[in-house]
Protein chains: 2
Amino acid sequence: MKDVATRAGVAVSTVSYVLNDSGPVAPDRRQRVLEAVSALGYLPNESARNLKRRSVATIGLVVPDLVNQYFAMIAEGVEQAASEKDVLVVFCTPEATGDGESWNSRLLRSQRLDGLIYLAGAETRMASLVELTRVGPVVLVDEKLPGFDLPSVVSQNRRGAKEIASHITSLGHKRLAILGGPAELWTADQRLSGYREAIAAAGMDPDTVPVLEGDYRISSGEKLASEVLDCPAKERPTALICANDLMAIGVLSYCRRAELRVPEDVSVVGFDDLPFARLLTPGLTTVRQPAREMGVAATKLLLGMVGGDKPMSPPPVDVTPMIRESTGPAPKA
Amino acid sequence: MKDVATRAGVAVSTVSYVLNDSGPVAPDRRQRVLEAVSALGYLPNESARNLKRRSVATIGLVVPDLVNQYFAMIAEGVEQAASEKDVLVVFCTPEATGDGESWNSRLLRSQRLDGLIYLAGAETRMASLVELTRVGPVVLVDEKLPGFDLPSVVSQNRRGAKEIASHITSLGHKRLAILGGPAELWTADQRLSGYREAIAAAGMDPDTVPVLEGDYRISSGEKLASEVLDCPAKERPTALICANDLMAIGVLSYCRRAELRVPEDVSVVGFDDLPFARLLTPGLTTVRQPAREMGVAATKLLLGMVGGDKPMSPPPVDVTPMIRESTGPAPKA
DNA sequence: GACTGTCATAGAATCGTTACAAGTTCCGTT
DNA sequence: AACGGAACTTGTAACGATTCTATGACAGTC
């Protein structure tokens, strides 16, 4: 920077003013500075800049795992929104790499990160999140902490769940089973309520429908499917309502092995609409969440908070049922 | 830090020595410093530290898109290896967000990133990579630039391709078609050579086998499948060799719509072994690449280079054919 | 023509660390 | 007893920007 100043015959402060547009500079000098900058190929040292500004133009994205396409899509949305503001996105997958919980708080407190976007997974300790929000700006995606008003971006889980369950009941299914998500997660709770609402609306008693708790992963879908489907055809549920697509995929995988036809023997629905959902055989009936947009919204919210705005969670975003081939009329039996 | 020094009754430099283990400090003073640190909950300001050290303990991961699970797995490996060394990983998806090519070079030159891990995709301009490597440490994953000895981590593409193609020929298939990757990518070239080697080894003339150029995406698999499969059964290829799993998934999706049975009418193989490959119906026969390990290896290589080591690309990693249900004996016809 | 106010500019302090150089203490040699 | 040299400590100068303050120039006003 000194070199630039020398070459342009001005003071370093003038260079800074030009570069940041933070002070009055005469047109001819501004011109000279800009020339010197490009002649020397000068780029400001961001470390020094960060030190003065007390911010690093970098946010963290905490994500249970990236191989889950739902999280990957949110991540892409986050990156997109951040890059528009020249903000970098650091990702950490604490469950995969075993970073402790203090890790994030440390990053925040030691000024390596300006803020955090948090995607909750099965192993998230929600309680520690409250701590985090006291350390720095944190936005929650697709999750909420009942009782605490943390800034968050969520979708209409309950409505989506209700609609997809209505689709099932409207097909005449009477023997149902619900493969729910981790009980401590808000999304799991919301979806469950939605399912039960729809079941009640169809004139059935929700309490007679078994609810099994899964962990949102494929393996748990496979396992729970075996628990609930391994019985005589007469008692077997004709429809399985899964709280997310991964578990539904696990169910499909089990059905293939167990030689149960989908949807002739059993209908299956998921939630999320992963890009692969439509490519499965049969195509998975599910609820689309606009993951990318949620990532964008969360990032805008977070960057606003970093800039000093009051946290203002946007209203839940819309979801859309996607009817495909994994659901069909209840077997006559 | 000044506060810590005051509280411990020592100079700030002593505190620094304790924290970095970079100078001799008497045991009792070290103790006092550590006490003060924890009493005050002090954490060093990383921005200041970065300024002095001229490094940011952060690397960039350039990835065409995260929804591709293969890239996501590599990303997880990168994060894992980086976090072990307290290095952060920033991801940018230039194709998705439209960051220019100069973007990465800027990040490197302005000290926001110490180095870069580059995953090549269909739209990567390989030439600009050579520029990049002159700006700072860059490691290429699953790609090479013929003629330039860039540090890179690759797998045995050719051997894997040869083995999977041998599997096809050994099943008696005579009419084949190859759905290759982008011609300018090294992996695509390698795999193609492998396929042709196997075909020749089976006593057929590789030049009689049609090769269609795809872009490694699902949509191109669907499109090319329609081009090559939409013909009378007698002329139709009985096996499609796809240069990656996504294209193979596209092919399966086309076959479902066209009511072609896999593998009875046509056998399909892919490459990569995405986590979803085994969950498809039928399970996809493919070649497993140890994506996660490749990410780890690339990161270790890069961090070594950042630390001043000579770039030493590791030998190509092993791949394993995964035989599943998407391949079967050639139809008698 | 002196006074005031605005606009440009330069100079210097500052951000929180690290690391060098210089100083202190203390102990073992000769 | 004087000396050399470890073993510690400390003060302070960077690191490369931003920003506050002071100064100078110039125009407008009475």
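So you know, we letter chains A, B, ... as the sequences are listed, proteins then strands, and number each from 1.
- Between K52(B) and P27(B), the residue anchored nearer the 5' end of DNA chain D, judged by the nucleotide with its closest heavy atom, is P27(B).
- R112(A) has its CZ atom 16 Å from the C1' atom of dG16(C), to the nearest Å.
- Per the geometry, OH belonging to Y17(A) stands 9 Å off P belonging to dT19(D), to the nearest Å.
- In this structure, CD of Q111(A) is placed 10 Å from C1' of dC15(C), rounded to the nearest angstrom.
- Considering only the side chain of V10(A), dA10(C) comes nearest among dA8(C), dA10(C), dT12(D).
- For dT18(C), the OP1/OP2 oxygens have a side-chain nitrogen or oxygen of R49(B) closer than 4.0 Å.
- The closest side-chain heavy-atom distance from P314(B) to V153(B) is below 4.5 Å.
- In D149(A), the CG atom is not crowded: 12 or fewer heavy atoms of neighbouring residues, nucleotides or ligands sit closer than 6.0 Å.
- Here the CE atom belonging to M305(A) is positioned 10.5 Å from the CG atom belonging to L116(A), to the nearest 0.5 angstrom.
- For Y42(A), a side-chain nitrogen or oxygen approaches OP1 or OP2 of dA17(D) to under 4.0 Å.
- Place R54(B) and T14(B) on DNA chain D by their nearest nucleotides, and T14(B) ends up nearer the 5' end.
- Between R29(B) and dT9(D) there is a side-chain polar atom (N or O) within less than 4.0 angstrom of OP1 or OP2.
- Note: CE (M1(A)) to P (dA14(D)) measures 18 Å, nearest angstrom.
- Atom CG in N50(B) sits roughly 14 Å away from atom C1' in dC15(C) (whole-Å rounding).
- Here the CG atom belonging to D21(B) is positioned 11.0 Å from the OG atom belonging to S16(B), to the nearest 0.5 angstrom.
- Minimum atom distance to the side chain of S13(B) is reached by dT12(D), of the listed dT9(C), dA17(D), dT12(D).
- Among the atoms of the strands shown, only primed sugar atoms or phosphate atoms (P, OP1, OP2) are found under 4.0 Å from some heavy atom of P44(A).
- Phosphate contact (OP1/OP2 of dT18(C), side-chain N/O of N20(B), threshold under 4.0 Å): present.
- Classification of R49(B) and E46(B) as a salt-bridged pair holds, one side-chain N sitting under 4.0 Å from a carboxylate O.
- The distance between atom CG of D28(B) and atom P of dT25(C), rounded to the nearest whole Å, is 16 Å.
- Listed pair S16(B) / dT18(C) meets the phosphate criterion, a side-chain N or O lying under 4.0 Å from OP1 or OP2.
- Per the geometry, CG belonging to L19(B) stands 12 Å off C1' belonging to dG16(C), to the nearest Å.
- Between R30(B) atom CZ and dT10(D) atom P there is a gap of 14 Å when expressed in whole angstrom units.
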